[in-house]
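Down below is the structure, laid out as structure tokens.
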Amino acid sequence: LAAAGIVNPKTRSPYSEAIAFGASGGAAFGYFVFEYKGESPHVAILPRNTFSPFERALDNLAIIRDTRETTDPDRAEKNLIKELDAGQPVIVWADVFSLPHRGLGPVNYWAMQPMLVIGMDGGDFLIADGSDVVSRVSAPDLKLARAKVKKDRNRMTIVERVDEAGLAAG
């Protein structure tokens, strides 16, 4: 939000991590037991809200945004570059296991996460994905990671502004 120039309309300063966390649903707890034929039963323990916390935070903060999706990875890359060329940081969803700079290696599962693309340098995209430093990701690697999961495939979001009327009404 800070990279896009979005500030808290009440304080006129960037949103704190605590405010964003609370807006996402905050701390939660849940568990699910799974049993699949031919496999041992297992339990998944959820220490946080895992049901679209990113979108929930943006909704609760009344952030107006433009989200686009396409099944065509080449079009997705062109759309991303167009927004970056216009000086707009772009949120994309990508599989962290498919990104070499994470060092996680290929596995049989995935973890799609929103991350901020802030620019390009040569043929590499510059990504802010939770680290203290900006990461370089090659265009082919980002294209692969963005296309990993059908439901999030090639999604991108541009945050625009706070809907102050909507925030006051909520």
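All residue numbers in this chain count up from 1 along the given sequence. What you see is a predicted model, and the numbers here were worked out from it, not measured in a lab.
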So, taking the atom named [atom1] in [X] and the one named [atom2] in [Y], what distance separates them when rounded to the nearest 0.5 Å?
| X | Y | atom1 | atom2 | answer |
| --- | --- | --- | --- | --- |
| D66 | I91 | CG | CD1 | 11.0 Å |
| W93 | R146 | CH2 | CZ | 10.0 Å |
| M112 | K150 | CE | NZ | 13.5 Å |
| I118 | D129 | CD1 | CG | 10.5 Å |
| E83 | I158 | CD | CD1 | 4.0 Å |

key: Backbone N/O of T70 and side chain of N154: donor-acceptor pair under 3.5 Å   =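 Such a contact is found between N154 side chain and T70 backbone.
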message = Between R65 and I63 (side chain of the first, backbone of the second, donor and acceptor by atom type, cut-off under 3.5 Å), is there such a pair?
response =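 Checked: pair present.
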Ignoring hydrogens, what is the shortest heavy-atom contact between [X] and [Y]? Give both atom names and the distance.
| X | Y | value |
| --- | --- | --- |
| S98 | K148 | OG-CD, 3.9 Å |
| D124 | S138 | OD1-CA, 3.4 Å |
| N79 | M156 | O-CE, 3.7 Å |
| N60 | A23 | ND2-O, 2.7 Å |
| A2 | P14 | CB-CB, 4.3 Å |
| G119 | L84 | N-CD2, 3.8 Å |

With heavy-atom distances below 4.5 Å as the criterion, would you say the side chains of [X] and [Y] are in contact?
| X | Y | answer |
| --- | --- | --- |
| L61 | N8 | no |
| R136 | D121 | yes |
| D85 | M120 | no |
| V7 | S13 | no |
| L99 | I127 | no |
| F125 | E77 | yes |

task = Only counting residues at least two apart or in another chain, list the ones meeting side chain to side chain donor-acceptor pair (under 3.5 Å) with T67.
result =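 T67: side chain to side chain donor-acceptor pair (under 3.5 Å) contacts with T157.
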message = Tell me every residue that passes side chain to side chain donor-acceptor pair (under 3.5 Å) with R75, counting only those two or more places apart in sequence or in another chain.
response =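 R75: no side chain to side chain donor-acceptor pair (under 3.5 Å) contacts found.
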When you group the ILVMFWY residues by side-chain heavy-atom contacts below 4.5 Å and let the links chain together, are [Y] and [X] in the same group?
| X | Y | answer |
| --- | --- | --- |
| V134 | L116 | yes |
| F54 | V162 | yes |
| F97 | L144 | no |

inquiry  = Angle between ring planes, F34 versus H42, binned at 30° and 60°: parallel, tilted or perpendicular?
reply    =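 Because their plane-to-plane angle is under 30°, the rings of F34 and H42 count as parallel.
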task = Using a strict 4.0 Å threshold on nitrogen-to-oxygen distance, state whether R153 and D95 make a salt bridge.
result =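 A salt bridge is absent here (no side-chain N lies under 4.0 Å from a carboxylate O).
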